[in-house]
Every structure is written in C-alpha cells, then in structure tokens.
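In what follows, a structure is listed as structure tokens, so that the remarks can point back to it.
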Amino acid sequence: MSAESFAESSATTPSSDAPLLVVNNLKTYFKTDRGLVRAVDGVSFTLERGRTLGVVGESGSGKTVLARSIMGLLPKRDVERSGSVKFEGVELVGADNSLMAQYWGDQMAMVFQDPMTSLNPVMRVGKQITEGLRQHLDISKDHANQTALALLSSVGIPEPERRLRQYPHEMSGGMRQRVMIAIAIACGPKLLFADEPTTALDVTVQAQILDLLQTQQRDRYMAMILVTHDLGVVAGRTDEIAVMYAGKIVEKAPTKVLFSNLRHPYTEALLSSIPKISDPSHTRLKTIGGRPPNLINPPTGCKFSPRCAYATDKCRTEEPPLSAPDSDGHQFSCWFPVELSAKQTSGVR
Amino acid sequence: MLRTFTLKFLRLVLVVLVVTFITFGLTKLQPGDPVSKIIPFGTAQQKAALTQDLGLNEPVYQQYGKWLGNFLQGDFGKYYDSKQSVNTVIKTSLPVSLELMLYAQFFALLIAIPLGVTTAYRAGSKYDRGANATMFALLALPNFVVALLLAIYVGAKWQLLPTQSNVIPFPLNPLDNWTYMLMPVVALTLGQIAVYMRLLRSDMIATLQEDFITTAKAKGIPTRRILWRHALRPSSLTLLTVAGLNVGALIGGAIVVENVFGVPGLGKRITEAILAKQYPALQSYVAIIAILYVTVNFAIDILYSVLDPRIRNARSVA
Amino acid sequence: MRDPLPDHGEELIHLMHDSEARSDVPADSVTQHFAAVSAGTVKAKKKGLTIGAWIAVGWMTLLILAAILAPVLPIPDPINDANPLKAAQGPTLNHIFGLDGNGRDVFSRIIWGARNSLFIAFAAVITGFIIGGALGLISGYFKGRVGGVLGALTDILLAFPQLVLALAVVSFLGRTVFNVTMALAIVSIPILARITRASTLSWSERDFVTAARAQGAGHIRTMLREILPNVLPAMLSIALLGIAVAIVAEASLSLVGAGVKPDVTTWGNVIFSGQAYLREAPSMVLFPSMVIFFTVYALNYLGDVLRATFDVRESAL
Amino acid sequence: MAGTGKAHLSQGETVLRIEDLFVEFPVGRSGLKVSAVAGISIDVREGETLGLVGESGCGKSTLGKAIMQIVRANSGHVMFGDIDLMTLQGEELRQTRPRLQMIFQDPISSLNPRRRVGKIVREGLDIWKIGDEASRQAKVLEVLEVVGIDAEAAIGRRPHEFSGGQCQRISIARAVATEPRVIICDEPVSALDVSVQAQILNLLEDMKARYGLTLVFIAHDLAVVKNISDRVAVMYLGKLCEIATPDDLYASPAHPYTAALLSAIPVADPEVNPTLRGGVGGEIPSPLAPPSGCRFRTRCPLATEKCAEEEPQIQEIRPNHFVACHFPLAEGQELPALEANIA
C-alpha cells in the first residue's frame, strides 16, 4: 500500500527513553458564573508507546475534558489547568499554542465524536487532509495529494480519487469518520486520542470503525487513548482501562484484570447496570441510586459515597487515595474495595 | 439546480408583479381626484380631457396593464405638468444613488469584516468589549442624526466639505466626486458597519465553537489560517444574505441622507415627486426600487447556493 | 431537584460546540437590526437587572411619563406659544433646549413630540404584534398549505424596502397621524410575522408539542398553551426593537417631508423644522436627535436584556 | 430483507394490529419520495411488550409515530382494538388519544419549559375533563409518586430544574395519567447514562405491572430491547426482517442481518476478540433507492441472485419465530466472518 509515503514522517524523531506520555496530577477547572467546575481533578497515569488506554465514564465524569486537557485543546480563557503533562519528557502544561501547534496533528492527533460536525462543511475532503500534511511535512502539493489518496485507501474508503473531491455532507457517517481517522493519522502521530469515536454511529458501522482504529493503531505503532462511556467498546480493544468518576480516576487496571477482578463499587455498579445480551429477558437490572455528582460542590470524602451501597462514615468524610499499583498493575481508590469473593461479575457478558 | 433557479425566478417575477400592483392600487385609494390636484382651476372640459388623457376613466386593472406594458418597454411615464420624462430623471439620478449605496456597502464590509473576525477571536477581551460597545451605540444612531451632525459641524461650522452639493460624476473629476460623496457615504456607512460587524462577530463566535474548528486546531493549523480559511467562509454566508437584504435599509437610508445633503439621487427625486404629488412618476420609482431590491436578493440567493456546497448538492445527497 | 450543574464538565464542552444550524437568516432590517443588537452584548446572567438595564428602564419611564403628562406639565404650548422675535435661539436658562425657528420652546416641543412619536411607534408595533404574531403563529404551526400561503404573503410584504413602503403609503393616502401609524404597522406586520413564524417552527418541532397532541390537545390549545408562551419572549424583544425602528422611521419620514403634517408635533417634525437653522442654532436639531438616540439605545438594550434573560437564540430568527 | 407478508400476525385478540403500512416522505422539492416504512404488518398483544429494533434510518421511529397518527401513513391499517385509526379524522381521532400514549427520546425536549410539572402531568386530565379538580390533583400526585418523584415538591417546579432521568420519569407519569392501554416508547432510554437507563427500564416494567399496560418499545440497543421485551421485531430499511421471542431470537438469529447486528454489539468481556466475529461491511443504502428484492442483500454475505430478484416473504421457521429471508440461518449456524476483519 502506501507505507512509503508516510514512512518518512512516522520515523522522524528517534524515541527518547522517557515514556511517551506521563500525566501527573492534572487538574482542569472551568470558571463559570455558578462557581468553579472541577471537571478533571487530579488525574495521573503513564502511557507507553504503542499501548492502548481506555478511559470509561458516564457523562460528567470528565473523560472528554481529560482528553482535551492533555492535548491542550481547551480554550485558555475561563479554564484553569494545572499539574503536569509530559510528552516524551517535554512539559506541555503551560506551553503556548505555537509550541502546541508543532505537536498537534504531527505528534498527537484526535478523532472526535461526531463525524458530522468535526469536518469543515465547506471545504473539500482532500483539502482537509492535505492541509495538515503540508503544515507539518515539507512536501509539494502533488505529493500531499498522493499521500491523501493513499491514506483514504488505507482507511478503507473505496474510490478515493472521487472522494477527495467531495464535501463531507456527500458522505455517510461511517465514511466521514474514516476521513477523520485519515486526517488524524496523516502525519504519523505517536499518540492518538479517540473521543467517543463511534457514539454517533450505527452498531454495524461502529464495529467497522473500531476495527479500523485498532488495525491502524497496531500497524503504525501508535499509542491510543480511547474515551468512551461504553465498557463494551473498550473491553476487547485496550491494554488498560481507567474508570473515571467526578473528574478522578477511581480504578485503573490492565483490561483483563479489571474485568475479572474489579475492586471499586462504582465499576461494579456500572457493569451490573448494563443490560446484558446473555441474560434472559426481563432480568431485573441493578441500578445506581442517586444522581451524578455536582462538580461545583462535590461531596466530601469519596465522591461516590452518596450513591455507594457500601459507604460508611469514613467514606463520607475522608477521600480515599488512588492506591499504589499491585503486582497486576491494579489501582483503585476505595476504603472498602469489593471483595474478590463478593464479586458478582462472573457473567459479565 | 436549474429547477430551483427557475422556481426562484418565477417567484421573483410574481413578487414584482404583486408589489407594483399594490403600489398602483394605493395611488387609486387616495382621497380625491388626481385631476383636480393637477389642474385645480381647470374647466370641467379640461378636466375631462385630462382624465381621458391619463386613462383615468378606465378600470384599474386596465390602467395597471397599460402602465405595466409601458414600464416593461422601458417607458417609465411622464411628469404631469412639465411632461418631463421619468426616464431622463432616472438616467441622471439612479447612478448617483447606486454610487452612494455601493460606496456605503463596500466600506461597511471593508471595515466590518476584519473587525468582526478579530473581535470574535478575542471575544471577551477589552478590545472586543470596546469595539462591541461602540458598535452597539452606533446601532442606536439613526443615519439622519449622523448626517445632520456632519452637516452641522463638518459642513456648516468648520466648512471642511461642501453641503448642498451637486454631485460631479466620478469619471469627470474623481476628487470632486469624492468631496461631495464623502459625508453622505459616511452617514450611510456608520450604521451598516455596526450591523455587519456584530452579525459577523456572533456568527464567527458560533463557528469558532464548532467541532471542525477544533479539528483544524488539532491538525496544528495556525490560528490565522483557521480564522480566515476555516471559520470566515461558513460564517460569512449569513453575512452575505444579510448584506443583500440590507439593501432595503440602505435604500431607505439613501433617501434620508440624499435629502439632508441635497444629493441629486433617486431618493431626492422620490421625495420631490411625493411633495409635488407626481404619482405616475412615483409609481415607477417605487417599482424600480422594488425590482432592484428583489433582483439583488435573487442574485445573492443564487450566489449563496453556489458558495455553500451543502445547498449546492442538497438534492444529490438527500 | 437538579443539582446546579450535574455535568458541567461536558456541558462546557458542549457549550463550546453548540452548533445550532442557522438555517433561517434574518430577513429584513428590523430582524437584522434585531440580530445585530442581540449579537451578544449582554452576557447571559443571573437573576435581576444590571445597572445598565435600570438606567434604560428609568429613561423610558421618564419619557413615557412626560409624554402622558405633557398637557398638565408647566411648559409652553409647542405650537402656539411662538415668539418670532426670538426665533432660532440657542439654549438659555428659560429655554434650556433653546427656541426654534418660530420662537417656540424646543424642550416643550420634544416632550409633546414624545407624546406623538411614542404613540405612533407603540400603536404601530402593537398592531403589528397582534396581526403579525397571529399570522406567524398560524403559518408556523400549520406547515402545509396555510403556512405556505401566509408565508408567501409576508415575503411579498418584505420585498418592499421598508421606508419606501411607508413613504408610498403615506404619500398616497395623506400625511395624517393615523396613516403614518398604519404605514408603520404595515411595515412591522411582516417582521413580527416572520420572527413569530420562525420561532414557532422551531418550537413546534419539540417533542412536548407532539406530546400535547398525543394527549389529545386541539390545535388552538396547543398553539396558545404550548407554543405561544415559548415564542413570546422572542416576539416581545423584537417588538421592543421594532418600536425603536418605528421611532426612527417616523423621524425619517418627517425629515424627507413625508411624515405627519407639521401642525402635529413629533420628534421628526421638530428636527425637520430645525434643519433650516443648522448654522444659527444647531441645538434645534441636536437635542431632539439626542433624545431619539437615547430612546433607541434604551429600547435596543432592553430588547437585548430580554433576549438574554429568556435565552432567545439569534438562530431562531 | 425483508419483506412483506402477514404470516406472523396472530389470529387471536390483539390490542394493535398494523397491516401493510406505508409511510412516504417527500424529499425536499425534488419530487422524489422516500419510503420510511414500506409495507409493514405487525401486531401487539394485550399486556405484552413488543420491541422494535434497528439501526438509524430503518423506520422504527416513523412506524411508532404512524401508529400514533402523529405522522399520517400513506396506506395501510392501524387497528386499535376494533377501530382503524387510519380512517379517523379530527375529533374522532382525538377521542382515541387518552388510550394511546407516547414517551419520547429526549426527556428535556418532551416537557414544555414554560409550564410547571403539575400542569404538564395534568394536561391530559384537563383536556378530557376526567374527574373533578380534587381527583385530578390526587391523580397527579399519585402518578408522580409512583414514578419516584417527590410529588409535592415537584408540581410547582419547571422541567429545567430536573435531571434527564427525572424528566423521563415525569414524561412517564404524564403518559400513564390518563390510564392508557398502550404506550409507544420511542427510544426512551437512549439519551440517558447507563446508570439512569437501568432505573428507567426497571420503572417501565413496574408501571406495566401496576397499570396493566401494553408497550411498544422502540430502540437501537439490542441488549436494552432484549431486557424489556416479550417479542422483538428487527427492522431494516423500512421493512421487517425477523420477529421472535427475545431469548430465541438472540440465541439463534435466523436473519443474517439480525446475526450481524448481534455480532456487532460490543461485549463487555475482554476474553472476546471483537475483530474475529462475524459481521457485515458497508452501510445502510440510501432509502431513496433501496435495493431490489431483499433490501439487505447488498450487505449480506449469503446473498444470491434470487435475493435480488424476489422479495422474501415472512415465514415461520420455528414456533413463534418468523423471518423474511430466502436463506435463513439454521440454529447454531454462524454468519461467515468478514474477510476484512480476519485480515
């Protein structure tokens, strides 16, 4: 296929010894009329090259803000961002946009949720792909067009020549998301964010897009952060999963460990409230009582305590820290983690 | 595409017909007999002859048909008394008004677009708030107030520029032309700047919040390019339409401004015709303005569907 | 009870990405004026009015009170108390706004002018509000043939440049207060019809309208109880701006000699009569112009506040 | 896919019986028409929950609205008891409203932001003048309490003061207030977070038991539909593919489309390799130009020429398991995995 055309780009920087991405105590607060919204409230993790991290949470958990905060895509005004994001050892928190622009699209890229709105409606698809290429790689217009063509076929778009000349609205949702992926991988980034990349798509198309993301990620040895609310989406496609609640990571573990040995009551509740295809019809669902947390005046102690079935006074007053990783690399923040024996997730399917 | 074009064109024709008919009907609704107004002291015989002459004894629709027939053949009628042809008047006054409006439109957009783009980008900053507050005040400043202020100070008090002018055609003497045009153009332009700037600003702010702008940013595209290449085009589509529709306000403004400065344009001629009760002439003027207005908007409508690919191929996708 | 901000994190992101399709663009100068005015000066805010809004309310109250009380106020008669010997004077202690070309007190003429100008503007816009509102509500709600015909009707009315339409009506029918009011009403009907129609169209897409129909609510009940309360803020805020535009239009008509006859004191007539004395006594033009400016500014501002309070989106135009 | 035919309609009593329903929409001003619902027959029995499932553009929501007569169908019958709703107009149709209710997808949009919750829930009672003032008020309090809303506190508030899940509860309260026989639920949980979704699904089950309701449950999420339904109908491009009891349907789908849908669902189990399952490529074709014969054939790994020429009729392949396919999958037979997936 087209490997040569971007070989030069993906092989530019020699890998340094530092891990690809180290996020340390990242906080992102929004200033609003009603108070400070703690959308991301102290998140830390490390991501190695070529690995996949799934970030799972419900709406309001801060997962989308986290992705954009790491990438520096949030507006500067009314946003407080602190902590540290080191990309190959380079600190990105506090970097100005002109520095970030060298990373954006080149070193790190993002696929957004809604392919309908994330492409410029009045610009041809080809232009939207070559634009980024020509910004970062010093190549001719012709060369860029050739590369775009190769990219489109590599993301599985038939008749790429014709598609290049089309506008986004002339394509189906699945095709548009493929174009978005082509744009994101164009310059051979080392880190790809996929923010709910399939939520706006139909089930059958969703599977195709997830497969595509996975093959591209492996072929190009990209690290990927897959943000989603759907535990099913991350289950078979990630190396590690972080579960977010109220702006914090409440549990983080290698994917297989998390599903077989979950410790945080929120993860447990989340898993058991999803209807399972394998359960018989009319199976009574387990629910999580209460409401999602208020991010302006979050509850004291453990943020999940007001909704937690196991909560005690200690939970309501003292906030549990994220534990150090155990031998499996499993971390969780809970005073009274779910006991292995009490697990009710044997039939997770 | 052709089908929509035809449909829109038919609509245009229909609107013009209805508009001219309503205008025509209005002249018939007026109290009193026009003949008595033209020759109040004429004999009964003279009046009857004039009635005959003007075709006033025919049914309204016939009169309208006759007028329309003449109008379509380019005969816009005559003034009652002087028998001066409306065509001659239009020939000299319409270009003046068009020049005035074109200048106003051009300068308004020239100033408003960069202002709109930069304030949208720096929305909430001191610069933005300052520009915005100024424009908000300008919106409340009727153009006759601007015109009168200019006339009082620049014209009367400081005598920097001539008021009560004769417009020198541009090809004859560009400098004179501009000297006479400057104040009318400024009076007409100020309010338009505010309208366009605020519109573009709010559209740009909305566009800048769109996902595809984040996509462009995430591609590493420089801000300048995002603003001018990615955001301006989708935002300016609304501006384009409004600029077309705004021709209506511009015409109204031109009438007022021409009167304040005595610019011999169509607006001045219209008000003269009103005061002299020159109804046939007036009717042609109104018809010409309506046609001008509807045609400009027709053209913009077409231009719009050419510029916005979503509309251009709406049918092929659906 | 919903928490103040259950998921503001995402909400802010959504705010950043609030992409409402702007299918409907403002179609005439008042709606443009409206869109331009409402293009976000006043920040959406907490309950209560800002200082600016209070000043605007104060100004309008003062003006309306003066207009109503004009006959009992201790001011000279605007028409008959003429003193040709003291024509066209600048401001003095006795005549704070000066005297006009006939030696009449400009201050008194402005107050009486407010009486007539505000009456014309309010009456015109209220007429437009009722007729245009009804037309817009009906044509937006019944999208079929009825809506099409009414929509076409408003489009035709809108195809006239407004001032030209008003000029034509007044010059053909005569320069009376009634005719000027009607001319401005005719101008404001299609504007209000259009805004109401656009707003109705977007609201009637909402599920709660379908839900009301599914409950068995008739058309009239649905229109009046479900849609109208939601459309009203947009209508009111454009009506406020419409009044501003009508005030300017009345003055413009007078200025080109096609307004109400000079024996009725309106702001337009006051300015018109001062035009001949620009050199001698610019105050004759300046003061009424300033009053018009403040009034239009106040009305624009209040319209904007109303829009921000009720979150009327410009895209709903 | 599928097809037409009525083999699956039961002989006995039904609450709703839809026959040969066609709904067409004009496309812009082009003069073209798209059939959102293209000849569907289906019935709903007393007290059951019928699940309607399919991807976007399959016509499931249009079908729901056409049953409600909110969208008027072009032809066909909608028998509600003994009455054909399609023949009713104006006032006669209005009279059936309290017996047939609807719940919508977007809980925020389905409540009037300018009215108070008490008034919203009372609307039906007020329109139909059911009972006196006191009994209406009592009914409002009752249904609000039943759906789990603090009634006394809620009636004076406006919808924006409630969360999405609570708004959906209020919608349900409004729907049951007039004591309907049937409620059409149009994607009632797809706008909600999973934790709230479970609450609403449980609530619907409770309401059904308490008020003896019959539900038509429209959704795109197969797991949700399975959880709540007594029978599930799968739709594709305006036609019916397959209809069966959920346990049977999900265990051994007979229509290749059903099988593809099922295999595409992401499973929350890391042991399952998602790329090694069967599936289908491509996307739903434009409803403007639907494929000839079986509408699914363009994406079907099993399609033959026959599928292009002949539209399959609905047939019973097992007791209470109907499918519209020329080559239905046998029990245990799996859809061939996509080559692209294996590669």
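In the text below, chain A, chain B and the rest are named by the order of the sequence lines, each starting its count at 1. Quick caveat: nothing in here was measured; it's all calculated off a predicted structure.
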- [ ] Heavy-atom pairs under 4.5 Å with chain C are the metric here; pick the option from Glu91(D), Arg174(D), Lys65(D), Met102(D) that has the most.
- [x] Arg174(D)

- [ ] Answer with side chain, backbone, both or neither: which region of Thr178(D) has an atom nearer than 4.5 Å to a non-hydrogen atom of chain C?
- [x] side chain

TODO: For the pair Arg181(D) and Thr214(D), evaluate side-chain contact (heavy atoms from CB on, under 4.5 Å) and give the outcome as yes or no after the intermediate values.
DONE: CA-CA 6 Å; Arg181(D) 280 179 83 187; Thr214(D) 302; 5.7 Å; no

TODO: Identify the residues of residues 113-121 of chain D whose heavy atoms come closer than 4.5 Å to a heavy atom of chain C, ordered by number, or report 'none'.
DONE: Pro113(D), Arg114(D), Arg115(D)

Task: Six-ring centre of Trp128(D), Arg94(D) cation under 6.0 angstrom, axis tolerance 45° - done: yes

Task: Other residues, nucleotides, ligands: >12 heavy atoms within 6.0 Å of Tyr211(D) OH - done: yes

Task: Pairwise distance CZ(Arg72(D)) to CG(Leu85(D)) - rounded to 0.5 angstrom - done: 8.0 Å

Open item on the list: Nearest 0.5 angstrom please: Trp59(C) CH2 to Ile64(C) CD1, how far?
Closed with: 11.5 Å

TODO: Give, as side chain, backbone, both or neither, the part of Arg225(C) having an atom under 4.5 angstrom from any heavy atom of chain D.
DONE: both

Open item on the list: Need one label for Leu93(D): side chain, backbone, both or neither, based on atoms under 4.5 Å from any heavy atom in chain C.
Closed with: neither

Task: Interface residue of largest heavy-atom contact number with chain D, from Gly218(C), Ala217(C), Ala214(C), under 4.5 Å - done: Ala214(C)

Open item on the list: For Glu205(C), give me all partners under salt bridge (charged side-chain N to carboxylate O under 4.0 Å, His left out), at least two apart in sequence or on another chain.
Closed with: none

- [ ] Identify which part of Gln101(D) has an atom lying under 4.5 Å from any heavy atom of chain C, answering side chain, backbone, both or neither.
- [x] side chain

Task: Short side-chain donor-acceptor distance under 3.5 Å, Ser135(D) and Asp132(D) - done: yes

- [ ] For chain D, find which of Ile227(C), Val209(C), Asn230(C) contributes the most heavy-atom pairs closer than 4.5 angstrom.
- [x] Asn230(C)

- [ ] Please state whether the rings of Tyr141(C) and His219(C) are parallel, tilted or perpendicular, taking 30° and 60° as the class boundaries.
- [x] perpendicular

- [ ] Let me know if Arg213(C) has heavy atoms under 4.5 Å from chain D in its side chain, its backbone, both or neither.
- [x] backbone

Task: Max heavy-atom pair count under 4.5 Å with chain C, selected residue of Thr96(D), Asp150(D), Asn112(D), Leu111(D) - done: Asn112(D)

Task: Qualifying residue for side-chain contact (heavy atoms from CB on, under 4.5 Å) with Ile149(D), from Leu141(D), Leu144(D), Ile155(D) - done: Leu144(D)

- [ ] Using non-hydrogen atoms and a 4.5 Å limit, figure out which bit of Ile127(D) sits close to chain C: side chain, backbone, both or neither.
- [x] both

- [ ] Dump the intermediate steps for side-chain contact (heavy atoms from CB on, under 4.5 Å) on Val143(D) and Ile172(D), then the final yes or no.
- [x] CA-CA 9 Å; Val143(D) 290; Ile172(D) 294 171; over 6 Å; no

Open item on the list: Please report the interatomic distance CE(Met235(C)) to CD1(Ile195(C)), rounded to the nearest 0.5 Å.
Closed with: 9.5 Å

